[in-house]
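Everything below concerns the one structure shown next.
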Amino acid sequence: MLNYILRRLLIMIPTLAAISFLIFLIIELPEGDYISNQISMLRSTGESASIGRLEFLRSEFALDRPFIERYGIWVGVWPGPNGFDGLIQGNWGWSFEYDQPVDEVVGPTLPLTIALNLATILFIYCVAFPIGIYSATHQYSVGDYTFTLIGYLGLATPNFLLALVLIYLANTWFGLSVGGLMEEQFIGAPMSGGKVLSILAHLVVPVIVIGTAGTAAMIRRLRANLLDELYKQYVTTARSKGMRESKLLVKYPLRVALNPFIADIGNLIPSLVSGSVIVSVVLNLPTVGPILLGALQSQDQFLAGFILLFVSLLTLIGMLISDILLGYLDPRIRLGKEGARQ
């Protein structure tokens, strides 16, 4: 198992390097950049006093160099105006839109983004797991039809619309404001017990809103996988030998049906971040989603590139966790290469 984990960790290094190159390439594909757009705007309005400063920024951040050099300087493998000073060295870049380092822009939002994603993933699995098992073991029952209907509604309802409905109901019925991830007095304050409780209380609505579609899809997937296993010959044989239904379910078909269920851990993270951008705007959530949207619109390449790379890193970590869990549940996965060699 240790060798399997080490292999997966080593694979993450070139994968992350390839992802960083693709991210930088895609961000650079549109014509121009933040500085050139600002220069064009100033020239069109006849304001040329600030153009000199913008030209200095272009040279200071190597925006006047070829693409491959800009990428190397951003990563930290190519000497820039300040030597080797990139992501590898801990320099996340400069945000032209906010006129401050990227770490100061996204620093306060990263822990909240991670907390929101972890809470949403826990919600999806804690809700989808028992419902999916119940729907598969009680096929065509009233409960199965009810959960199926709820699942289709969850898939069909846009997240931002559900957010607006919950905001209205919370305000109308309980007089509560569910926007944001904490009370106003805790914004910018150091972490404390009261701030943690406020964050946990405000996480409920965003987690439900963002996790609804993922929960519904997960229920349908687990139900289909488990139904496919329940009627196979090895289950019928175990049942004919008198094995208790609950023990049979957990020991054989459920364990096999869990493979694709667990494999989705890594895929959930990017979908949650991308799917929560509009919800974050509606609910006024201080996460990286709205910042990423603004950075892409203004072509603030260093800010957008770091956020996308951060989400990619979270995805790779999620896939590593799912690979470890899959290797534990099904030894054939981690022993696949050794078996093929033999």
Within the structure provided, determine whether [X] and [Y] are in side-chain contact (heavy-atom separation under 4.5 Å).
| X | Y | answer |
| --- | --- | --- |
| Phe61 | Ile35 | no |
| Leu226 | Pro253 | yes |
| Thr215 | Ile124 | yes |
| Met218 | Phe129 | no |
| Asp144 | Arg223 | yes |
| Thr212 | Thr157 | no |
| Trp94 | Glu60 | no |
| Leu230 | Leu249 | yes |

Nearest-0.5 Å distance, [atom1] of residue [X] to [atom2] of residue [Y]:
| X | Y | atom1 | atom2 | result |
| --- | --- | --- | --- | --- |
| Leu292 | Phe306 | CG | CZ | 12.0 Å |
| Ile73 | Asp85 | CD1 | CG | 10.5 Å |
| Arg58 | Gln38 | CZ | CD | 11.5 Å |
| His138 | Tyr145 | NE2 | OH | 14.5 Å |
| Leu296 | Ile291 | CG | CD1 | 12.0 Å |
| Ile208 | Thr120 | CD1 | OG1 | 10.0 Å |

Side chain to side chain contact (heavy atoms under 4.5 Å, CB included) between Glu229 and Asn225, worked out: CA-CA 7 Å; Glu229 295 296 326; Asn225 293 336; 5.9 Å; no
Single-linkage hydrophobic cluster [X]~[Y], side-chain heavy atoms < 4.5 angstrom:
| X | Y | answer |
| --- | --- | --- |
| Tyr231 | Leu258 | yes |
| Leu222 | Leu153 | no |
| Val288 | Val281 | no |
| Phe67 | Leu309 | yes |
| Met319 | Ile317 | no |

Is [X] atom [atom1] crowded by more than 12 heavy atoms from other residues, nucleotides or ligands, each under 6.0 Å away?
| X | atom1 | result |
| --- | --- | --- |
| Tyr234 | OH | yes |
| Arg244 | CZ | no |
| Tyr252 | OH | no |

Full working for side chain to side chain contact (heavy atoms under 4.5 Å, CB included) between Val282 and Ile167: CA-CA 9 Å; Val282 173; Ile167 289 176; 4.1 Å; yes
Without swapping roles, check the side chain of [X] against the backbone of [Y] for a donor-acceptor pair under 3.5 Å.
| X | Y | result |
| --- | --- | --- |
| Asn117 | Thr113 | yes |
| Ser240 | Thr237 | yes |
| Thr137 | Tyr134 | yes |
| Asp300 | Phe96 | yes |

I need the minimum non-hydrogen distance between [X] and [Y], along with the two atoms involved.
| X | Y | answer |
| --- | --- | --- |
| Val127 | Ile131 | O-CG1, 3.3 Å |
| Lys251 | Arg255 | O-CB, 4.0 Å |
| Gln89 | Val75 | OE1-O, 4.3 Å |
| Leu227 | Ala136 | CD2-O, 3.3 Å |
| Val279 | Phe160 | CG2-N, 3.9 Å |
| Ser59 | Pro81 | O-CG, 3.7 Å |

Under 3.5 Å, side-chain donor or acceptor atoms of residues 14-29 against the rest of the protein: list the pairs with distances, not counting sequence neighbours.
unit_1	atom_1	unit_2	atom_2	d
Thr15	OG1	Ile11	O	2.7
Ser20	OG	Ala17	O	2.6
Ser20	OG	Tyr71	OH	2.8
Glu28	OE1	Arg70	NH2	2.6

Step-by-step side chain to side chain contact (heavy atoms under 4.5 Å, CB included) determination, Ser312 to Leu316: CA-CA 6 Å; Ser312 301; Leu316 290 177; 5.6 Å; no
Between Asp33 and Ser36: side-chain donor-acceptor atoms closer than 3.5 Å: yes
Verdict with supporting geometry, Phe310 and Ile114, side chain to side chain contact (heavy atoms under 4.5 Å, CB included): CA-CA 11 Å; Phe310 173 75; Ile114 295 174; 3.8 Å; yes
